[in-house]
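It should be emphasised that the depicted structure is a prediction, and the values quoted were computed from it without experimental measurement. Because only heavy atoms are used, hydrogens play no part in the values below, and waters and symmetry mates are left out as well, while side chains stay in.
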Amino acid sequence: MAKYWLMKSEPGSYSIDDLKREGQTFWDGVRNYQARNLMRDEMQVGDRVLFYHSNTAPVGVAGLARVVREAYPDHTARDPHDAHYDPKASHENPRWYMVDIEFEEKFPQILGLDQLREIKGLQEMVLLNRSRLSVQPVRTAEFKTIVKLARSLSE
DNA sequence: GCCAACGTTGGC
DNA sequence: GCCAACGTTGGC
């Protein structure tokens with residue numbers, strides 16, 4: 001059974017349009033243990049992802065992606081020139097992991113955080129309660145509600 | 001750019 | 001293992 005996730009990105013560094021253009025990307029730069037554990041231990045090929053734009057205007061769900069490669073070491077942790085460099089990461093103990101995702105769909109409009117807050121049935125979403133986690137699980141019903149609503153938005 | 005929330009680090 | 005200091009996230 002495919003699982004459902006929400007992954008956040010600041011569109012200034014990587015947006016749904018970037019993913020659409022490139023088709024596929026590796027999700028590097030996660031430096032939070034809870035988010036890492038979810039990627040490393042829970043994510044499987046075929047899982048579906050809500051691609052979320054954070055730290056922008058408007059913030060919200062921008063589209064859909066799919067996991068195409070399970071977790072493997074995030075090489076950027078061992079690159080001193082990378083913004084997410086971690087001196088404690090090593091070849092033997094990579095410490096940080098990433099997955100690959102592939103573009104699936106861009107919604108006609110961003111489904112805004114303010115809109116999500118108003119929907120009954122989404123009130124227990126991790127996004128609305130633990131806003132800082134950058135990779136988080138989404139319930140099946142939540143995922144379906146969001147996709148249906150987002151697709152109903154006009155251009 | 002501000003700042004609240006909250007995760008991480010490190011001295012003890 | 002506690003907890004203060006510090007750093008980061010992310011909405012506004």
Length of the line joining Glu10(A):CD and dT8(C):P, which is rounded to integer Å | 13 Å

Mind checking Arg36(A) for me? I need base, sugar-phosphate or nothing, with any heavy atom below 4.0 Å counting as a touch.
-> nothing

When rounded to whole Å, the OH to C1' distance for the pair Tyr52(A) and dT9(C) reads 12 Å

From CD of Gln34(A) across to P of dG7(B) the rounded distance in Å is 7 Å

Which listed nucleotide (dT8(B), dC12(C), dG10(C)) is nearest to the side chain of Ser134(A)?
-> dG10(C)

Between dC12(C) atom P and Leu116(A) atom CG, what is the distance in whole Å?
-> 11 Å

Between Lys8(A) and dT9(C), is there a side-chain N or O to OP1/OP2 distance below 4.0 Å?
-> no

Expressed in angstrom and rounded to an integer, what is the separation of Leu133(A) atom CG from dT8(B) atom P?
-> 10 Å

Round to a whole Å and report the spacing from CZ of Arg132(A) to C1' of dT8(B).
-> 14 Å

ILVMFWY cluster, Met39(A) and Tyr14(A) together (side-chain gap under 4.5 Å) | yes

For DNA chain B, whose closest nucleotide is more 5', that of Asn55(A) or that of Asn32(A)?
-> Asn55(A)

NZ/Lys3(A): more than 12 non-hydrogen atoms of other groups inside 6.0 Å | yes

Whole-Å gap separating P (dG7(B)) and CG (Leu38(A)) | 13 Å

For atom CD of Gln136(A) and atom C1' of dG7(B), their distance in whole Å | 15 Å

What residue among Arg66(A), Lys20(A), Arg151(A) forms side chain to side chain donor-acceptor pair (under 3.5 Å) with Glu105(A)?
-> Arg151(A)

Which ones in residues 81-89 of chain A lie close to DNA chain B, meaning a heavy atom under 4.0 Å from one of its atoms?
-> Lys88(A)

Are Tyr33(A) and Arg95(A) linked by a side-chain donor-acceptor pair shorter than 3.5 Å?
-> yes

Basic-acidic side-chain contact under 4.0 Å: Asp18(A), Arg21(A) | yes

Polar side chain donor-acceptor pair, Arg31(A) to Thr76(A), under 3.5 angstrom | yes

Hey, any chance Leu50(A) and Ile110(A) share a hydrophobic cluster, counting ILVMFWY side chains that come within less than 4.5 Å of each other, even indirectly?
-> no

